[in-house]
Amino acid sequence: MEVKRWELMPHVYLTYLPARKFKTGVLSAQFITPLAKETASYNALLPAVLHRGTMRCPDMEQLAAAMDRLYGAQISPTIRKRGETQCLGFVASFIDDRFVSRNEPLLEPAAELLGELLLDPVTRGGRFLQEYVEGEKANLADAIRSIRNDKRDWADLRLLQEMCAGEPYGISRFGDEAGLAKINNQKLYAHSQRMMSSSRLELFYCGSAECHRVEEALLTAFSSLTRGPQTEPEPPRRFAAPSQPRLVTEEMDVTQGKLSMGFRCDTDDEPAMILANLMFGGSSNSKLFLNVREKLSLCYYASSTYVRSKGILTVSSGIETADYDRAEAEILRQLDEIRQGLWEDWELTAARESLLSALQALGDSQGALENYYLGLAATGRRETPEEMAALLRQVTPERIRAAAQSVQLDTIYFLKGKEA
């Protein structure tokens with residue numbers, strides 16, 4: 001698959017992912033904007049409000065009818081966090097023209113509707129409809145509160161808030177309730193105009209249509225997009241861990257303690273760090289899973305995640321409060337084994353093969369491809385899955401040890417029961 005990316009219009013880029021194996025085509029339009037406390041709630045709310053209707057289809061019923069006329073096309077609002085950026089927009093999925101009788105084209109009308117949702121939303125008097133904004137504010141507030149109800153997600157969020165306090169990475173992709181409460185329909189509309197004119201727009205297409213046809217359809221659909229001075233997100237800043245790790249303990253009405261640990265990774269060898277994380281806690285063959293969870297039964301669950309754009313590794317685990325000291329010590333001991341190279345050959349082989357298999361499987365899902373290339377575009381990286389696979393094959397045990405030795409504990413967050 002020959003992937004192409006080029007500047008379609010000023011600060012508008014198209015990534016073309018040709019694929020004939022699917023019966024659908026996928027179009028995605030994503031604005032890339034800096035993640036900031038002042039605007040996070042605005043950006044999280046905007047796609048949902050835009051999804052309520054366009055000037056041509058001013059309500060959900062008429063919008064659904066328009067998609068039905070495209071043989072059941074679907075257009076979904078998205079809000080994602082990649083590094084220290086927010087990525088907001090829509091992903092459209094529609095039947096590939098090859099599978100429509102009479103060869104009726106669907107790419108062009110799908111692109112047109114996608115453009116209308118972003119650039120010609122239903123408004124009244126120069127602002128969004130108040131009932132639409134208030135309805136979606138309530139939905140977003142529910143989504144923000146629901147994170148607190150899932151104690152695992154809540155502990156992981158609180159870890160990042162404490163560890164990355166003052167850094168954009170500590171901000172939730174949904175923003176917060178305090179910021180959300182300040183938004184009204186006029187403020188949101190004004191923000192949408194500023195954000196869209198000043199933010200880079202990344203377009204993605206995955207399907208069988210010819211490149212020139214996709215280009216023409218999107219140029220037409222987004223011809224009215226206003227371009228102004230650009231606010232390009234800055235590369236994520238990396239920080240050193242403090243000399244003494246921070247410990248944050250909070251109480252809630254929980255029966256199972258949640259232990260989350262955050263580490264700073266001071267290495268530029270990202271492929272080696274990716275494999276180090278997989279061996280440590282990033283897979284079902286990892287040391288955290290096989291030893292801390294299965295063998296020692298210290299955790300109900302235990303896993304780790306590495307965010308290469310930010311240089312952060314986090315551990316998420318559920319434990320009995322009485323096992324706190326043992327669980328923390330054992331998690332750190334397993335990390336030290338990675339640092340020292342104390343692993344069997346099969347552990348590295350399993351980690352490498354699982355990741356290579358996952359990269360190869362990206363080509364089987366249009367959604368996964370769109371998500372992967374969005375991550376590259378948002379964080380300034382350019383490795384195709386094939387190029388990343390080649391980099392991973394070259395990683396040696398010595399490089400993994402060196403990368404793991406750069407990992408330093410920054411913050412521990414422990415959520416325990418009130419009676420503990």
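Residue numbers run from 1 in the order of the sequence given.
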Shortest non-hydrogen separation from S28 to E370 and the atoms involved:
OG-OE2, 2.8 Å
Test the R127-Y189 pair against the cation-pi criterion, namely NZ or CZ under 6.0 angstrom from the six-membered ring centroid and within 45° of the ring axis.
no
Test your reading of the model: is there a side-chain donor-acceptor pair from R152 to the backbone of G318, 3.5 Å cut-off?
no
Other residues, nucleotides, ligands: >12 heavy atoms within 6.0 Å of R124 CZ
no
Side-chain polar contacts of residues 82-94 - donor-acceptor pairs under 3.5 angstrom, sequence neighbours left out - could you list them?
from: R82; atom 1: NH2; to: N371; atom 2: OD1; distance (Å): 2.5
from: E84; atom 1: OE2; to: Y169; atom 2: N; distance (Å): 3.4
from: E84; atom 1: OE2; to: K310; atom 2: NZ; distance (Å): 2.8
from: T85; atom 1: OG1; to: R82; atom 2: O; distance (Å): 2.7
from: Q86; atom 1: OE1; to: N43; atom 2: ND2; distance (Å): 3.0
from: Q86; atom 1: NE2; to: A40; atom 2: O; distance (Å): 3.2
from: Q86; atom 1: NE2; to: R173; atom 2: O; distance (Å): 2.9

What heavy-atom pair brings T411 and L159 nearest, and what distance separates the two atoms?
O-CD1, 3.6 Å
Checking R264 against F239: charged group under 6.0 Å from the ring centre and within 45 degrees of the axis?
no
Do side-chain atoms of T123 reach the backbone of G126 as a donor and acceptor pair under 3.5 angstrom?
no
State which residues pass side chain to side chain donor-acceptor pair (under 3.5 Å) with R308; sequence neighbours excluded, sorted by chain then number.
E270, E383
In sequence, state the C-alpha distance, the side-chain angles, and the governing distance for D120 and T54, and then conclude on side-chain hydrogen bond (donor to acceptor under 3.5 Å, both in side chains).
CA-CA 6 Å; D120 195 24; T54 70; 5.9 Å; no
D97 with R213: basic N within carboxylate O range, under 4.0 Å:
yes
Applying ring-ring contact (aromatic ring centres under 6.0 Å, His included) to Y306 and not counting sequence neighbours gives none
Answer yes or no: is there an ion pair linking K287 with E347, defined by an N-O contact shorter than 4.0 Å?
yes
Quick test of your reading of the model: are R52 and E136 salt-bridged, counting only N-O distances below 4.0 Å?
yes
Under 4.0 Å between a Lys/Arg side-chain N and an Asp/Glu carboxylate O for K21 and D364?
yes
In this structure, which one of F128, Y42, F31 forms a ring-ring contact (aromatic ring centres under 6.0 Å, His included) with H191?
Y42
